[in-house]
Amino acid sequence: MNPIELIQNHFEEFTKSEKEIAIYIINNPQEIFRYNIVDLVKFTKTSKSAIIRFTQKLGYNGFTEFKFDLRRAIISNDNEFIENNSIIRTYIECLTQMEAEINSKQISSLAKNILQAHNIKVIGNGRTYNSAYQFKQRLLKIGIDSEALQEMSLIRDSLSILKKGDMVIIFTIADNGKIYPSLFKDINFSYDVSTITMTNNLPFKKHCQDYIVLPKISNYRYNTFLDDQAIFYIFIEVLLNEIAKHSRSQ
């Protein structure tokens, strides 16, 4: 039985903090073997002892042994999918779903708001910062300046000086680390917030002017470990095209 199956089978036995670890690993399996235990403590907001107890409940001696087994499972599945030529088909299925589900009015609204914004901050955390930075670079190609941020101290400082007419764009798969709700404690903030995500249930959704949900490819087939960032990159190109279209019509 692979590590993800073990987690799912033992989920109800976990404590509250262990469930936080389990949810993070299930949603980010392809990233875990790149982390050390300190990284995982940071992203799950738990403790070293909680992570060690979590892995021991699964039958491992500790986090290192668990990470090794997870890496082996990822490599095994990746090789199997390459032989079956299913990676491309899975991405096509996911993109087809995105085409069917994304509302053109939502994209148009987000594009117009970006064009009207005075100051744009694009936020990501962990690997979603790569998507945030990619969007910043692609905006620059069409003459729109923005800033990509990932350090929470810098994000808070930057957001504290934003004014009405400024805009924050968040890239997050599911915010399992519960990073962003703290940014919205001040109910009197005046800047606009737009979120591009892969879940419909973020607690700060009510604060968002635009809220776009993309399909999550890592959920498409059991234990595939495909990269959700690729879906963000494709959506960025769709959004960029819409921005350019509205820019020409102005």
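Just so you know, these numbers use all the heavy atoms, side chains as well, and skip hydrogens, waters and symmetry mates. Worth saying up front: this structure is predicted, and the values here are computed from it rather than measured.
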Check whether any side-chain heavy atom of [X] sits under 4.5 Å from a side-chain heavy atom of [Y], and report yes or no.
{"X": "Ile4", "Y": "Leu70", "result": "yes"}
{"X": "Asp166", "Y": "Ile161", "result": "no"}
{"X": "Leu58", "Y": "Pro3", "result": "no"}
{"X": "Ile21", "Y": "Phe63", "result": "no"}
{"X": "Ile114", "Y": "Ile169", "result": "yes"}
{"X": "Asp210", "Y": "Thr195", "result": "no"}
{"X": "Val238", "Y": "Ile107", "result": "yes"}
{"X": "Leu115", "Y": "Lys112", "result": "no"}

Take atom [atom1] of [X] as the centre, draw a 6.0 Å sphere, and report whether it contains more than 12 heavy atoms from other residues, nucleotides or ligands.
{"X": "Phe68", "atom1": "CZ", "result": "no"}
{"X": "Lys48", "atom1": "NZ", "result": "no"}
{"X": "Glu99", "atom1": "CD", "result": "no"}

Task: Ion pair Asp192/Lys164, N-O distance below 4.0 Å - done: no

Output the distance between atom [atom1] ([X]) and atom [atom2] ([Y]), rounded to the nearest 0.5 Å.
{"X": "Asp157", "Y": "Met152", "atom1": "CG", "atom2": "CE", "answer": "10.5 Å"}
{"X": "Ile212", "Y": "Asn103", "atom1": "CD1", "atom2": "CG", "answer": "9.0 Å"}
{"X": "Asp39", "Y": "Ile32", "atom1": "CG", "atom2": "CD1", "answer": "9.5 Å"}
{"X": "Leu154", "Y": "Ile123", "atom1": "CG", "atom2": "CD1", "answer": "10.5 Å"}
{"X": "Ile23", "Y": "Phe14", "atom1": "CD1", "atom2": "CZ", "answer": "10.5 Å"}
{"X": "Lys163", "Y": "Tyr191", "atom1": "NZ", "atom2": "OH", "answer": "14.5 Å"}

TODO: State, without any angle test, whether Ser47 and Ser49 hold a side-chain donor-acceptor pair at a distance under 3.5 Å.
DONE: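 Short answer, yes.
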
Open item on the list: Please tell me whether Gln209 and Ser194 have a donor and an acceptor in their side chains that are separated by less than 3.5 angstrom.
Closed with: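 No donor-acceptor contact under 3.5 Å links the two side chains.
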
May I ask you to decide if [Y]'s main-chain N or O and [X]'s side chain share a donor-acceptor pair within less than 3.5 Å?
{"X": "Ser108", "Y": "Ser104", "answer": "no"}
{"X": "Ser247", "Y": "Ile243", "answer": "no"}
{"X": "Ser158", "Y": "Ile155", "answer": "no"}

TODO: For Lys57 and Glu18, run salt bridge (Lys or Arg N to Asp or Glu O under 4.0 Å): C-alpha distance rounded to whole Å, both residues' side-chain angles, the deciding distance at 0.1 Å, then the answer.
DONE: CA-CA 10 Å; Lys57 283 186 178 180; Glu18 289 166 354; 2.7 Å; yes

- [ ] Please report the shortest heavy-atom distance between Asn125 and Gln150, naming the atom on each side.
- [x]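 The answer is ND2-O, 4.0 Å.
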
Task: Closest heavy-atom pair and its distance - Ile170, Phe204 - done: CD1-CE1, 4.1 Å

- [ ] Please identify each residue that fulfils ring-ring contact (aromatic ring centres under 6.0 Å, His included) with Tyr35, with sequence neighbours left out.
- [x] Phe43

Residue list, salt bridge (Lys or Arg N to Asp or Glu O under 4.0 Å) with [X], at least two apart or on another chain:
{"X": "Asp69", "answer": "Arg72"}
{"X": "Glu242", "answer": "Lys245"}
{"X": "Glu12", "answer": "Lys19"}

- [ ] Give me the one residue out of Thr199, Asp228, Thr197, Asn27 that meets side chain to side chain donor-acceptor pair (under 3.5 Å) with Lys216.
- [x]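 One option only clears the test, and that one is Asn27.
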
Open item on the list: Would a single hydrophobic cluster contain both Leu140 and Phe135, if residues Ile, Leu, Val, Met, Phe, Trp and Tyr are joined by side-chain heavy-atom contacts under 4.5 Å?
Closed with: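 No: no chain of side-chain contacts under 4.5 Å links Phe135 to Leu140.
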
Open item on the list: If hydrophobic residues (ILVMFWY) are linked whenever their side-chain heavy atoms come closer than 4.5 Å, directly or via other members, who joins Tyr133 in its cluster?
Closed with: Tyr129

TODO: Starting from the C-alpha separation in whole Å, work towards a yes-or-no answer on side-chain hydrogen bond (donor to acceptor under 3.5 Å, both in side chains) for Ser131 and Gln229.
DONE: CA-CA 7 Å; Ser131 298; Gln229 302 308 314; 2.6 Å; yes

Task: Residue list, side-chain contact (heavy atoms from CB on, under 4.5 Å) with Lys42, at least two apart or on another chain - done: none

- [ ] I would like to know whether Asn200 and Lys205 meet side-chain contact (heavy atoms from CB on, under 4.5 Å); could you show each step before the answer?
- [x] CA-CA 8 Å; Asn200 200 40; Lys205 180 179 179 179; 2.8 Å; yes

